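This is a predicted model, so every value here is computed, not measured.
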Amino acid sequence: MPRIHPRLLLGLLLAFAAFSHALPAAAQDRAGLYAVAGDEPGKGHYDGVAELRWDHDHYAFVRTITYSTYAAFGFKVATAWEGAATDTTAGLSVAVPLVRAGWIAKVGDLTRTAADATPVLVSGSFAGPHAGPLSGSFSAPGGAVAATETWTYTGPIAPAPHFARDVVRTPMHGPPAPAVKSGLFTLYHDYHLLPAMAPYAGRADFNAAVHVNVVDHTDFAFLRAHPDRLRVVGAPIDAISLTEARVRSNAFRQTLGAKAEALDAAAPLFLNPLGMLADNRDPATGALSGIGSSALWTGAYVASQTFRWQVTHEPAALANVEHALDALLLCVDAPGEPGVFARAVKLADGDLSGGWNAGTGPMAGVVWKPTGNNDMSKGLLYGFATAYDALPAGHPKREAIKARVLSLLAHSSVIRDGRMNEMMWSRLAAWITGDPTHQNRYRRLMLNPAYLFWIVAGNGAIFEQGITDWSGNHLNLVHQVVANFLATKPPSDPFQGVHRMSFRNAWLRLRKTRPALFTLAYRGFGGSTVKPEDAPWVEDAVWFLREYAAPNIGYKVDHTLRPDYSMSPYPSLPWKLDWLTNPGRLQGLYAYAAFQRPPGGYEWRGSPLRYQGGGDELPYCGVDYLHAYWVARRYGVITGEE
């Protein structure tokens, strides 16, 4: 079935209404605000507001109502409609297109299909004199809507509608130069012929090849003012539209601090007994999943709790640092071989499937995931540096950190690489040991002209025509935070200005992609490199935290169901050269608001252009939010009042 855009459908409905009904001489007379009172089978009574605003040849129609007793997920249910109305000889004819297809594809037994992109046609017919109330009903095919209501005039309209969607689109980059676009489209000619790409190849936005942020802040003020409600916007009420309203409410109704408090309280439930962070947890069974490569995310969690402890001095925060730090220490100890470290650890349960190795000797009760690599080393570095800063002088875990840092620096080929890893680990060792040998090695590596140029230029940050290494950008962020964090520790670091400039240059390349954690951390650590003109970008990063849903539930997301969606003409990570055979290289043209993105345990590692994912309906750990929030609090970007 061909998709019909809601605006086209609305125009057709208006044309039909104008043809079917003779307009009275006093057109526009019904413009104004009306108190609505009605009833709907199965949902009961409701009250609200209807608005008629004259627009050349018809009324722009807005209706918002709240049910008196009907509720979902413990919240009162409200709706918001937008449509058009025309005068008739008897009263008024109303047309409202409602679109089922949003971003969630499945809840329970209800699944969206491509047909749901075609709007449901809601028709309303009302009768009554100009001076008196209007009474009538709404209906839609299949019983999707059935309601009877009365409108009572309350006064003239305000300058702005009492409800309006708040969706802003901002390009991530400028239009490609003709020669660049021609070359890329030639390169990816066969990619465009893939079955998943074929439906989009003729679209104007696909061929314009500009990646776009689609930021939806609709109902933020309403949900902050009415935190007891869910509002279904422009869609029939069903299990999926109610769930989408719930997710939006989970994002907007709470302050940033309230979300942090809730996620901080829940986060320990996502740590295994050894302190390793999981992606999600089954509330019914307590089963954890997504632990296999979590040294990096566990390090980020340690950092978040360090910053929380330094802001609040809550004992629970320090306890979280100690517990998760235990897992990072075990990542170094479990392999039983100097210089080898694990990606993750967990208690032995007799199951080594999935590539786990059994510990031996003192580690016989532990299993560990091999191939600790550059990515995992960043988690160890971040966690060790921030935990050492949080723990009080004389704490035994400080000595444990020192021993592991020196062992890895002496034996690990990943860390003793003669490049960036060795540089940062040497700087950490210089601070925690006071041994000038490590500071001298750090200085020597920093003075390498090639490395110095690389660092100043942004430490490898790239973004070109929607193409970058999103996971690599997070690794760069961790490097930037650690480098600037350690630059404030003794001994004095003559390269502090270099690290700040590196952070700025990396951020400047990425800022249009809405990298909230990167932006908040840069604002906190950037010092004199932060400019007044950076303020709107920082405010947008704070908005991203407002968009984050807490709790963050892993519903199945599929943006291809949306009638306005398009794939990107370019694959992600094209240098992998597997974009004709690897479906994981597909990416979208649009990056949606945080609460509309496919779910995951750590937002900052993924592409904002991902378009499908989730489906387990389990809560995720929320450590990505906590990391960004506590960085921003610790370094004065936001206060606890937001």
Side-chain angles (χ1 to χ4, degrees), residues 1-15 82-84 97-103 105 112-119 164-218 233-235 463-468 512-514 557-574 579-580 583 585-593 596-598 607-612:
M1 179 181 295
R3 296 178 173 180
I4 303 175
H5 194 281
R7 289 184 178 177
L8 174 60
L9 178 64
L10 196 55
L12 294 173
L13 288 170
L14 285 169
E82 296 171 293
L98 300 181
V99 180
R100 287 192 173 96
W103 68 91
R112 295 285 191 238
T113 68
D116 291 316
T118 299
R165 298 178 194 244
D166 183 5
V167 180
V168 177
R169 295 173 174 249
T170 59
M172 291 184 175
H173 55 84
V180 170
K181 177 183 167 183
S182 176
L184 289 173
F185 272 55
T186 299
L187 175 64
Y188 298 123
H189 175 268
D190 291 344
Y191 176 71
H192 294 174
L193 298 178
L194 291 174
M197 300 290 290
Y200 306 99
R203 289 179 58 109
D205 49 358
F206 179 95
N207 287 282
V210 176
H211 299 80
V212 176
N213 298 304
V214 184
V215 182
D216 187 349
H217 293 163
T218 301
V233 176
F463 179 73
E464 188 64 37
Q465 300 300 316
I467 297 172
T468 187
K512 291 184 179 181
T513 68
R514 305 191 76 216
V557 169
D558 186 355
H559 285 292
T560 66
L561 297 172
R562 303 168 71 130
D564 58 352
Y565 178 80
S566 177
M567 285 288 190
S568 167
Y570 312 137
S572 67
L573 304 178
W579 23 273
L580 290 178
R585 299 295 174 234
L586 295 168
Q587 65 177 357
L589 195 67
Y590 298 105
Y592 294 96
Q596 296 175 331
R597 294 186 180 185
S607 166
L609 299 172
R610 62 192 189 277
Y611 61 96
Q612 290 177 330

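Each salt bridge (Lys or Arg N to Asp or Glu O under 4.0 Å) pair with one or both residues in residues 205-215, not counting sequence neighbours, appears once here: Arg203-Asp205.
For Tyr592, the ring-ring contact (aromatic ring centres under 6.0 Å, His included) test picks out His559, with sequence neighbours left out. Looking at residues two or more places apart in sequence or on another chain, you find no side-chain hydrogen bond (donor to acceptor under 3.5 Å, both in side chains) involving Glu464.
Between the Arg112 side chain and the Arg100 main chain, a donor and an acceptor come within less than 3.5 Å of each other. Asn213 contributes no side-chain N or O that, together with a main-chain N or O of Val215, makes up a donor-acceptor pair within less than 3.5 Å. A distance-only check finds a donor-acceptor pair linking the side chain of Asn207 to the backbone of Ala201 [under 3.5 Å]. Remark: side-chain polar atoms of Trp103 are not paired, donor with acceptor, to backbone N or O of Val557 under 3.5 angstrom. Between the side chain of Gln587 and the backbone N or O of Tyr570, at least one donor-acceptor pair lies under 3.5 Å.
Across all non-hydrogen atoms, the minimal contact from Pro569 to Ala209 is CG-CB, 3.8 Å. The two residues Val210 and Pro175 have their closest heavy-atom pair at CG2-CA, 3.8 Å. Listed here is the closest heavy atom pair of Arg597 and Ala591: NH2-CB, 4.1 Å. Closest of all the heavy-atom pairs between Leu573 and Thr468 is CD2-O, 3.8 Å. The heavy-atom pair separating Leu561 from Ala114 by the smallest distance is CD2-N, 3.9 Å.
Distance CG/Leu98 to CD/Glu82: 10.5 Å, rounded to 0.5 Å. Between the OG atom of Ser568 and the CG atom of Leu609 there is a distance of 7.0 Å, given to the nearest 0.5 Å. With rounding to the nearest 0.5 Å, the separation of OG1 in Thr560 from CG in Leu586 is 10.5 Å. Expressed to the nearest 0.5 Å, how far CG of Asp116 lies from OG1 of Thr113 amounts to 4.5 Å. Here the CG-OH distance, from Leu194 to Tyr200, works out to 13.0 Å after rounding to the nearest 0.5 Å.
Ring planes of His192 and Phe206: perpendicular class, angle over 60° (limits at 30 and 60°).
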* From CA spacing to verdict: side chain to side chain contact (heavy atoms under 4.5 Å, CB included), Lys512, His173 -> CA-CA 7 Å; Lys512 291 184 179 181; His173 55 84; 5.8 Å; no
Evaluate the criterion side chain to side chain contact (heavy atoms under 4.5 Å, CB included) for residue pair Tyr188 and Leu184; output intermediate values, then yes/no. CA-CA 6 Å; Tyr188 298 123; Leu184 289 173; 4.0 Å; yes
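Contact annotation: the side chain of Met197 never approaches that of Leu193 to less than 4.5 Å [non-hydrogen atoms, C-beta and beyond]. A 4.5 Å side-chain heavy-atom check between Pro574 and Tyr191 finds every atom pair outside the cut-off. The shortest side-chain heavy-atom distance between Pro598 and Asp558 does not fall under the 4.5 Å cut-off. By the 4.5 Å heavy-atom criterion applied to side chains, Phe463 and Met172 are counted as neighbours. Between Val214 and Gln596, the closest side-chain pair of non-hydrogen atoms is not below 4.5 Å. The closest side-chain heavy-atom distance from His217 to Val168 is not below 4.5 Å.
With Tyr611 as the aromatic partner, Arg562 does not meet the cation-pi criteria of under 6.0 angstrom to the ring centre and within 45 degrees of the ring axis.
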